[in-house]
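One structure below.
Reckoned from all heavy atoms, side chains included, excluding hydrogens, waters and symmetry mates.
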Amino acid sequence: MDTPLLRLFDGFDHTSPQLCDAVKTLQRVLRQEKFRLRPDGLFGHDTEDAVKRFQRAHGLDDDGVVGPLTWATMFEDQPPPSDDDFPSSTGVTSAYSPDNPELLRQLAEAGQYKVIVVETSRTHDIPVSVIAGIGSRESQWGLALKLSADATTLAAGTGDFAKRSYPTRYRTGPLPPDGGGYGRGLMQIDFDYHEFARTGNWADPQSNIDYGCRVLADFREFMRRRAGLQDAALVRAMLASYNVGPGNVLRGLRDGRDVNFFTAGRNYSDDVLHRAGFFQAHGWA
């Protein structure tokens, strides 16, 4: 089950309408706990008050924010990987079933790049399973990418076609000049923010994976120095930075937020780690 971080005003049109269904799930669970709520998908003050009361009743921090521990308590399930679970443990928790058909398709597609991933893992000291998890989240290992007329492999595809404002330094229109999406290749290197995605050999799997991991390593060092994080907390911050940039992650931390607060779905790093757990269970360790 997808259990993103939820807080006050999630689900509303002006904040995060994509979280409406998750808020409805939360409200239904709270109704089962005898809280009088209407499952309308809008995280208002009544829902926040119910969450705080639920948290106090179960010995949790009553901040009104529904994170991994609150979800885990509600479903009597395991939370996403914690500092004690990853990366030192070989048994990474995953919310994904080992026979998840979509991830099995991605696993089969990713197999052709495993040697590259293992080599890159050693070069940049990033766990093999984490790289696999990012490739899964970003491009489904190429299966989610759109190919141009001259592309010969899935690795040469692009993603993220959401229109952006223009003109900019590198664009005269709402999409890159070649008509592709902003995300380039398996690791979805962003066209606007990385010269590699504009001029580099981003369509080559080895170059793309290596560049993505160099970015990850840089973000890891940034979060280690600026936020003083270690171990799995550092891994989560590094992954969130890959999605929204280290500045936004640091801003969230300074405001007392979870590292995923500004990420897509507010669950990026935890979802990547769940995917990493799936790949690790299938030999990507």
Side-chain angles (χ1 to χ4, degrees), residues 2-7 10 55 60-73 78-95 117 120-138 187-190 193-194 209-280 284-285:
D2 185 15
T3 55
L5 184 76
L6 298 177
R7 64 178 184 87
D10 274 338
Q55 291 170 326
L60 303 173
D61 183 14
D62 59 342
D63 58 2
V65 177
V66 185
L69 290 178
T70 301
W71 280 119
T73 303
Q78 294 296 317
S82 68
D83 289 2
D84 295 329
D85 296 327
F86 192 87
S88 58
S89 171
T90 57
V92 180
T93 304
S94 177
V117 170
T120 308
S121 168
R122 293 168 180 162
T123 300
H124 299 288
D125 192 25
I126 296 173
V128 168
S129 60
V130 169
I131 301 173
I134 294 175
S136 171
R137 168 81 181 214
E138 290 289 339
M187 299 289 277
Q188 287 292 274
I189 313 302
D190 193 275
Y193 296 99
H194 297 275
I209 294 170
D210 180 76
Y211 185 88
C213 288
R214 279 193 283 137
V215 170
L216 282 166
D218 288 344
F219 288 163
R220 178 179 58 196
E221 183 58 26
F222 177 90
M223 299 308 301
R224 178 187 288 119
R225 289 187 289 103
R226 296 293 297 274
L229 300 177
Q230 298 180 6
D231 301 325
L234 179 61
V235 172
R236 291 182 74 242
M238 172 188 73
L239 293 172
S241 297
Y242 194 81
N243 183 240
V244 295
N248 282 322
V249 175
L250 190 61
R251 177 160 60 98
L253 288 172
R254 287 174 173 171
D255 290 342
R257 313 287 190 181
D258 184 80
V259 296
N260 282 313
F261 185 79
F262 293 109
T263 66
R266 293 198 177 126
N267 72 339
Y268 184 87
S269 65
D270 291 333
D271 183 55
V272 167
L273 291 175
H274 282 307
R275 292 169 186 266
F278 173 90
F279 275 82
Q280 183 164 305
W284 289 59

**OP:** Might you point out which heavy atoms bring Ala227 and Leu250 nearest each other, and give the distance in Å?
**Re:**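 Looks like CB-CD1, 4.1 Å.
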Subject >> Nearest heavy atoms of Arg220 and Asp125, plus distance in Å >> reply: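 Smallest heavy-atom distance, with atoms named: NH1-O, 2.6 Å.
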**OP:** Start with the C-alpha gap between Arg251 and Phe261, add the side-chain angles, then the distance that decides, and say whether side-chain contact (heavy atoms from CB on, under 4.5 Å) holds.
**Re:** CA-CA 10 Å; Arg251 177 160 60 98; Phe261 185 79; over 6 Å; no
**OP:** Flag the pair Arg7 and Asp63 as a salt bridge only when some basic side-chain nitrogen lies within less than 4.0 angstrom of an acidic carboxylate oxygen.
**Re:**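 A salt bridge is absent here (no side-chain N lies under 4.0 Å from a carboxylate O).
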State the [atom1]-[atom2] distance between [X] and [Y], to the nearest 0.5 angstrom.
{"X": "Met187", "Y": "Thr120", "atom1": "CE", "atom2": "OG1", "answer": "8.5 Å"}
{"X": "Arg214", "Y": "His124", "atom1": "CZ", "atom2": "NE2", "answer": "6.0 Å"}
{"X": "Leu5", "Y": "Trp71", "atom1": "CG", "atom2": "CH2", "answer": "10.0 Å"}

Original post:
Is a side-chain donor or acceptor of Asn248 paired with a backbone partner of Val244 at a separation under 3.5 angstrom?
Top reply: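 The answer is yes, because a donor-acceptor pair under 3.5 Å joins these two groups.
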Original post:
Are any side-chain N or O atoms of Asp255 and backbone N or O atoms of Arg257, one a donor and one an acceptor, separated by less than 3.5 Å?
Top reply: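 No: the side chain of Asp255 does not pair with the backbone of Arg257.
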Subject >> Given Thr70, Thr73, Asp62, the one that forms side-chain hydrogen bond (donor to acceptor under 3.5 Å, both in side chains) with Gln55 >> reply: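 Only one of Thr70, Thr73, Asp62 forms a side-chain hydrogen bond (donor to acceptor under 3.5 Å, both in side chains) with Gln55, namely Thr70.
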Original post:
Just wondering, do Trp284 and Phe278 contact through their side chains at under 4.5 Å, heavy atoms?
Top reply: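 Heavy-atom side-chain distance check fails, nothing below 4.5 Å.
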**OP:** Assess whether atom CZ of Arg225 is packed by more than 12 heavy atoms of other residues, nucleotides or ligands within 6.0 Å.
**Re:**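 Buried by this count: over 12 neighbours within 6.0 Å.
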**OP:** Could you check Asp258 against Arg236 for salt bridge (Lys or Arg N to Asp or Glu O under 4.0 Å), going step by step and ending with a plain yes or no?
**Re:** CA-CA 10 Å; Asp258 184 80; Arg236 291 182 74 242; 3.3 Å; yes
